[in-house]
Amino acid sequence: MDAADPLARFRERFHFPKRTSGEEILYLCGHSLGLQPKTAGSYIEQALRDWAELGVEGHFHAKDPWMPYHRLLTRQTAELVGAEAAEVVVMNSLTVNLHLMMASFYRPTRQKHKIVIERGAFPSDQYAVKSQILYHNFDPAGSLVELTPREGESCLRDEDIEACIEAEGDSIALIMLGGVNYATGQLFDMAGITKAGHKSGCIVAFDLAHAAGNVPLHLHDCGADFAVWCSYKYLNGGPGCVGGCFVHQRHARAFDLPRFAGWWGHDEKVRFQMGPEFHPMAGAEGWQLSNPPILALAPLRASMEIFSEAGMDRLRAKSMSLTGYMEFLLRQSPSTKFSIITPSEPHRRGAQLSIRLTGHGREICDRLATRGGLGDWREPDIFRVAAVPLYNSYRDVYRFVQQFSIALQ
Ligand SMILES: Cc1ncc(COP(=O)(O)O)c(C=O)c1O
């Protein structure tokens with residue numbers, strides 16, 4: 001399979017962490033932090049050189065001038081999430097963008113004040129939505145709806161999500177789900193959820209931390225109102241890299257929406273006239289606050305270039321095959337110490353498999369790590385691994401499952 005893989009050559013474009021023995025680590029942790037593209041350094045060095053040689057003039061005369069630097073990422077980002085260019089902007093970090101979006105799109109009333117999330121959503125999302133509810137003087141006890149799997153199940157059923165929206169729609173202001181759930185790896189039917197949410201007059205939004213760069217996305221067509229994501233997982237932008245934000249075209253000129261404003265969201269034609277009144281730019285860029293961090297954007301360019309070359313459709317095809325292979329190998333194991341909780345239907349998951357370990361799960365992961373196999377542990381009992389199609393091979397998967405079996409024993 002590796003010999004026939006048209007994407008195999010992309011592995012060479014990434015740095016693999018090594019063990020003290022010099023052997024490459026079996027890195028199956030791209031769902032947490034993507035590997036460094038070998039060209040990332042040159043983008044950062046170029047920005048540093050321009051700064052050293054040009055000082056403030058770099059804003060206009062750098063090799064890639066800093067004023068419009070963030071736009072170097074716009075076209076590729078829009079393609080990656082299935083959006084129009086004006087619907088996306090690369091800025092801030094995920095949780096900051098989530099708050100900025102909720103400042104505009106979570107407008108609770110006495111009748112419609114609830115926010116729907118997954119039970120056990122990523123903690124930052126839970127904190128963010130609860131704090132927004134409190135900020136508007138509502139109580140999470142009555143305003144937070146947590147979608148919960150059925151007894152004995154780990155993932156949510158589409159029909160249960162839709163039933164909840166239908167039942168509580170009149171009081172739901174915002175539905176904010178992960179595109180791919182961080183713990184289970186479940187990929188949600190974003191178009192179906194959006195349709196159901198809009199039917200009940202709700203704002204529908206997605207946290208795409210585990211979906212961007214992992215699965216093909218069609219944000220414009222699915223009609224979601226907004227989405228936010230980070231760029232350090234499947235997008236390989238580096239630790240704490242700048243996040244992304246999508247605002248659907250239908251809101252592009254909603255200038256009457258309240259928003260937290262900053263000068264970089266102000267109409268760029270008159271930004272430097274330094275006037276006191278804020279006139280937001282149309283589209284997602286109107287939610288920017290500050291001038292962009294060039295040194296943090298630079299490595300993301302290296303990765304996005306690789307994504308454009310590889311193509312999301314080809315990546316998805318390989319990803320389904322790699323993850324299917326990993327699941328197949330794991331299911332050969334006679335061990336009763338683990339179960340896979342990620343849905344087994346390929347269209348309901350991305351690259352990640354979540355393995356529930358009974359007993360000494362953390363020790364098993366630590367033992368595996370000392371043997372060079374790296375996934376990550378999420379309390380209380382989940383071991384997450386992802387075979388990332390840009391840089392993981394079928395051989396990685398095979399060796400990983402071998403090592404995992406030994407660690408289990
Ligand atoms: C699903 C999800 N949401 C939110 C976050 C928080 O991201 P940030 O620290 O960039 O705000 C993470 C981080 O891993 C995440 O996995």
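Remember, it's 1-based here, ligands and their atoms both numbered in the order they're listed.
Screening V228, I193, V81 for a side-chain contact (heavy atoms from CB on, under 4.5 Å) involving F206 leaves a single residue, I193.
The residues lining ligand 1, counting any heavy atom closer than 4.0 Å, are L94, T95, F122, D125, D207, A209, H210, Y232, K233.
Between H220 and H248, the ring planes lie parallel to each other; the angle is under 30°, not in the 30° to 60° tilted range. By the 30° and 60° cut-offs, the orientation of the rings of Y394 relative to Y325 is tilted.
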Anything under 3.5 Å between a donor and an acceptor, one on a side chain of residues 163-187, the other on a protein residue two or more places apart or in another chain? List them.
from: E168; atom 1: OE1; to: K114; atom 2: NZ; distance (Å): 2.8
from: S171; atom 1: OG; to: K114; atom 2: NZ; distance (Å): 3.2
from: S171; atom 1: OG; to: E168; atom 2: O; distance (Å): 3.0
from: N181; atom 1: OD1; to: A183; atom 2: N; distance (Å): 2.8
from: N181; atom 1: OD1; to: T184; atom 2: N; distance (Å): 2.9
from: N181; atom 1: OD1; to: T184; atom 2: OG1; distance (Å): 3.4
from: N181; atom 1: ND2; to: E118; atom 2: OE2; distance (Å): 2.9
from: T184; atom 1: OG1; to: Q186; atom 2: N; distance (Å): 3.1
from: Q186; atom 1: OE1; to: L156; atom 2: N; distance (Å): 2.9
from: Q186; atom 1: NE2; to: L156; atom 2: O; distance (Å): 2.6

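A search for side-chain contact (heavy atoms from CB on, under 4.5 Å) contacts involving A351 returns N214, Y234, S319, T323, A386, not counting sequence neighbours. For W66, the ring-ring contact (aromatic ring centres under 6.0 Å, His included) test picks out H59, with sequence neighbours left out.
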